[in-house]
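Below: the structure, in structure tokens.
No hydrogens, no waters, no symmetry mates; every other heavy atom, side chains included, goes into these values. Chain letters run A, B, ... following the sequence lines, proteins first, then strands; residues in each count from 1.
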Amino acid sequence: MEDIVQTVVAKYNYWIYITLMMMGLYAMIAKNNLIKKIVGMNIFQTAIILFYVSIGVKKGATIPIIKALHGHHEAINPAEYMNPLPHVLMLTAIVVGVATLGVALAFAIRVYNRYNTLEEDEILSQIRTKTEEI
Amino acid sequence: MKAIGFVIVLLTGGFLIYAAADFPGWGDPNSPASLHVSPYYLENTVEQTHVPNAVTSVVADYRGYDTMFETTVIFTAGVVCFFLLRTLLRKEPEDRLYRHVLTGVTIRVKEGKLPPSEEFERIDTTWTPHDLIIKTICRLLVPFVQIFALYVICFGHYSPGGGFQGGVILGASIIVYAISTDLRSELQRIREKTDALLSAFGVFLYAGTGALCLLLGFNFLDYHALAPILFVNRVMARSHGIFIVEVGVGIAVMGTMIWIYSVLASRGHYDEGL
Amino acid sequence: MSTQYPALLVTIPLLSGFVISAAGWLNRRLCFYIAVIALAGSAFSCFGVLLQVLQEGHVTYHLGGWDPPWGIEYYVDYLNGLVLVVVSTVALVNLIATKRSVEEEFQEKIGPFYTLYAFMVTGLLGIVVTGDAFNLYVLLEITALSGYGLLGMGKNDRATLSTLNYLYMGTIGACFYLLGIGYLYIVTGSLNMRDIAQILPSLYGSKAVLAAFIICLVGVWAKMAFFPFHGWLPNAYTHASSAASSLIAPLVTKVMIYVMIRLMLTIFTPAFTFSVAQLSKPVVWLAVAAIVMGGIFALAQRDLKKMLTYIIVAEVGYMVGGAWLGNRAGMTGAILHILNDALMTLCVFLVAGNIVYKVKGCAFDDLKGLMRKMPFTMGAFVVGALSIIGVPPTCGFFSKWYLISGAIQAGQYAFVVALLFSSLVNVVLFFRVIEIGYYEPAGSHHGHEHHPEPMDEAPLTMLVPLFIVAAGLILVGLYTGDIVNRIIELAIPNGIV
Amino acid sequence: MFWQLDLVILTLVVFAGLGSLMVKDLLGAGILFGAYSFLMCLMWTVMGAVDVAFTEASVGAGVSTVFFVAAVFRTSRRTKD
């Protein structure tokens, strides 16, 4: 029993990122409201960011800013500092998430201007009635 | 639709959990990710780029090409929002709404006639909030936010921060002004054209530095080429190159955030905003 | 200067994007000409890179002057040299051909349109030329965002909702690709494609590598609208403006197939793809389903553009199935089909663009009597139709020939049957359209039957590029021999028998 | 960075995400989404990723919530699910 708890807790980050991702995926597929789908999309993206950043974590390491070296030729021990590469990748992913959010909200406003509702089923019924008239 | 979603979610979730079993434990120092590529950045960042913040040196120098495209992503989002929602040729409504600034009385004036006196300000929808407390506090807040944003951009080398964060805070300071008063008065301070040109110039500054290094015979975005221009040795040239690029990113992100906000808040008509 | 070609071909369209956006505000007429100069420059450097690759085998370029696993590296070999040339020439020809229809549809927003056009081409060229897995994700996002912008501003109002659905599916696809790269990064520690390929062989047994492969594939399939994920493509491409759909339809799906082949051949070497991961059979069955479903749905359509989008879904099935057959002939057919299908789709969508420009609609009842009214456009349509069906002089036949012979060698007879069935369906589809164009008289509701319609053809600037593409279809068909021997044979690693 | 704090914040993050998806009013969903982003920012700081935390706080939580509220004001707060 002890080692099961140990393995679960040892990789707790990875279970949480999977639950967040599945929440986002479910919201994008099953939610009826367009804005709720956008929220689901953003949760989906932040879950992947959680996965990446938890790769770079090292136990007992500090933030990846090299402390001012008094003696210049002292070797820097990489184990003291966190892994900076996932942080760089995730700077990009966060900004891409905001860019996609802005564009998706612009689309949602444009859909609302045209169909006067944000519910997917109401929009589809409006489209169906319009195609029957033609 | 809910059932399909549930089944898909369970399948992918199970598959991901099955695959996560093989990961190295969370946070152990000798996982492959922290042994193969990243120690090089930590060991050489101060020596090669004179920038103690390893994340900023990797963002703007070792993998600066990624960040250039990533700033382009932000600029593309601004162009797409403008392209989708902006309605340029807008027909003037026949009667206009005016509000008396001091008392808050709103009147409707027929087309062509002028409001009775100067204190009437033009508004588009009757419910626009007009709150004295928020207006004055935001007016006090904006300069300090902007100073902090400039600090964040410039001190990206030594403390957490950099182009993106500083640019967003700069943009946020102007958005605060646009929310507290209204979009129309903010547009008097920053025209839509200057805003778009600002964000285009910011990313052009970033890509232009790269192209400049190309013209000087080095590879694209290789800041060693800037050494003869900036009259510094190669390591300082890299540090200054990073700084120029961060300023470019800050300008681009600021312009784009204001641009997207003003398009979204006014549904493309650039009228009253929130 | 010639050693800088790999960097030039991406940065010229990128810098031109910003200049065009500024020109859009200052002086709108300049936008088109800046775009043409930029794309011509990048096409020139693409040809330059291909020539260098033909001489030296492969070209590497270190961005920022850093060595590969630490900095970003461009790696151009035979495979992406060929795709680079295809992407840049298709983009250039389409830019010139759709000038008039863009000016007519987006009067005051020409600046943003050409900016998004330049960024779309930058993203596509960057995806094809990069050798770094994460850089490919960022360029994937640029292509996706500019694609949403271009497709979202469609003529009728249904474009918005269909592009929003494309946005959701595109984001899921890009995020799955990012997750797959994360799974690779956590077990190998590197992001450079060739560096990962060297570390992976010792890890073939681990579940995380197999999961990374499947997640990356699912992400790329969602982006290329492969069978289970194809729901967004027909609506998104049909309701878009003609200029946008004739840029995106020929290129985005083909570049995603290139990414899949790059994943299969370079990152996960063929040894892993075809032996360790037992995916060949199910994927070929999915490809069969894609081809059959694409054909059947195309038969049910009453609109030319919607019919063409379902044919694209079927063509994606060709290429994915061909790549997954596991033998040299199938892979040659898939890579050749990237080239052929890009040209064929461009030709047919330019024809649809001309028809929409002249007749303001491309439903089947708008096409009545077009053979007499627009003979040159319909002539090019016939050439494109013959190529999609697979008639010998045109290039479509040769790639289908390689696919069928590869399928027979691999013993996947369902795929052979699907290919033949799809060719017959294409015959029915295209000759039905040609028949509507030829025989049915121009709609009697005109009243004055005695003198036939005057021939009002699309303007010359739209016809000349169309003829170049139609001629290109036949030329590529004739020169298939040495395209395959000098480029594609060397593109496939000898891991595949 | 001791793991008990880590677990607490992670569970709070999941609850904020669930709340943002389940609440029946779009403005409420926007505000909870802002809270979700700020908790994520706290998560990054605890895990030592200071630059990512700064970006998440300013770009992710700050501006996304502003865009969200602006969009909800320009459309409707009504939602059926």
Side-chain angles (χ1 to χ4, degrees), chain B residues 1-2 26-27 53-60 70 74 77 81 85 125 127-129 145 148-149 152 155-156 159-176 178-179 183 249-250 253-254 256-269 271-274, chain D residues 1-11 13-14 17-18 20-22 24 26-27 29-31 33-34 37-38 40-81:
Chain B
M1 208 42 187
K2 287 204 185 318
W26 179 61
N53 185 350
V55 176
T56 311
S57 75
V58 175
V59 151
E70 197 264 312
I74 276 274
C81 286
L85 279 177
T125 43
W127 54 264
T128 333
V145 167
F148 175 66
V152 162
F155 269 73
S159 69
F164 294 112
Q165 301 90 339
V168 167
I169 298 172
L170 265 174
S173 66
I174 292 159
I175 291 175
V176 152
I179 291 180
L183 192 62
V249 169
V253 171
M254 178 189 93
T256 314
M257 287 303 151
I258 304 165
W259 201 10
I260 294 180
Y261 170 76
S262 42
V263 168
L264 284 184
S266 66
R267 217 184 0 191
H269 305 318
D271 50 16
E272 207 50 59
L274 278 191
Chain D
M1 188 219 28
F2 42 88
W3 58 271
Q4 290 85 357
L5 181 63
D6 207 25
L7 300 193
V8 166
I9 294 175
L10 276 177
T11 31
V13 155
V14 172
L18 267 176
S20 174
L21 286 173
M22 312 279 276
K24 282 286 179 288
L26 283 184
L27 200 57
I31 304 303
F33 179 63
S37 292
F38 269 118
M40 267 312 207
C41 156
L42 196 59
M43 187 66 233
W44 307 140
T45 352
V46 162
M47 282 162 70
V50 257
D51 264 281
V52 182
F54 204 139
T55 316
E56 176 73 29
S58 60
V59 171
V63 180
S64 309
T65 318
V66 168
F67 289 164
F68 215 96
V69 168
V72 168
F73 260 75
R74 278 301 167 190
T75 51
S76 82
R77 291 175 58 175
R78 183 183 73 85
T79 167
K80 279 200 288 188
D81 58 346

key: Worked check of side chain to side chain contact (heavy atoms under 4.5 Å, CB included) between B/V152 and D/F54   = CA-CA 10 Å; B/V152 162; D/F54 204 139; 3.7 Å; yes
Closest non-hydrogen atom pair, D/V63 against B/M257 = CG1-SD, 3.4 Å
ask   = How far apart are the closest heavy atoms of D/A70 and B/A265, and which atoms are they?
value = CB-CA, 4.2 Å
key: For B/F148, all residues meeting ring pair (Phe, Tyr, Trp, His ring centres under 6.0 Å), sequence neighbours excluded   = none
task = Would you mind checking which part of D/V50 comes under 4.5 Å of any heavy atom in chain B, side chain (CB onward), backbone (N, CA, C, O), both or neither?
result = both
ask   = Which residue pairs satisfy the side chain to side chain donor-acceptor pair (under 3.5 Å) criterion with at least one member in residues 51-61 of chain D, sequence neighbours excluded?
value = B/N53-D/D51, B/Q165-D/T55
key: Which atoms of B/I169 approach chain D - backbone, side chain, both or neither, heavy atom under 4.5 Å   = side chain
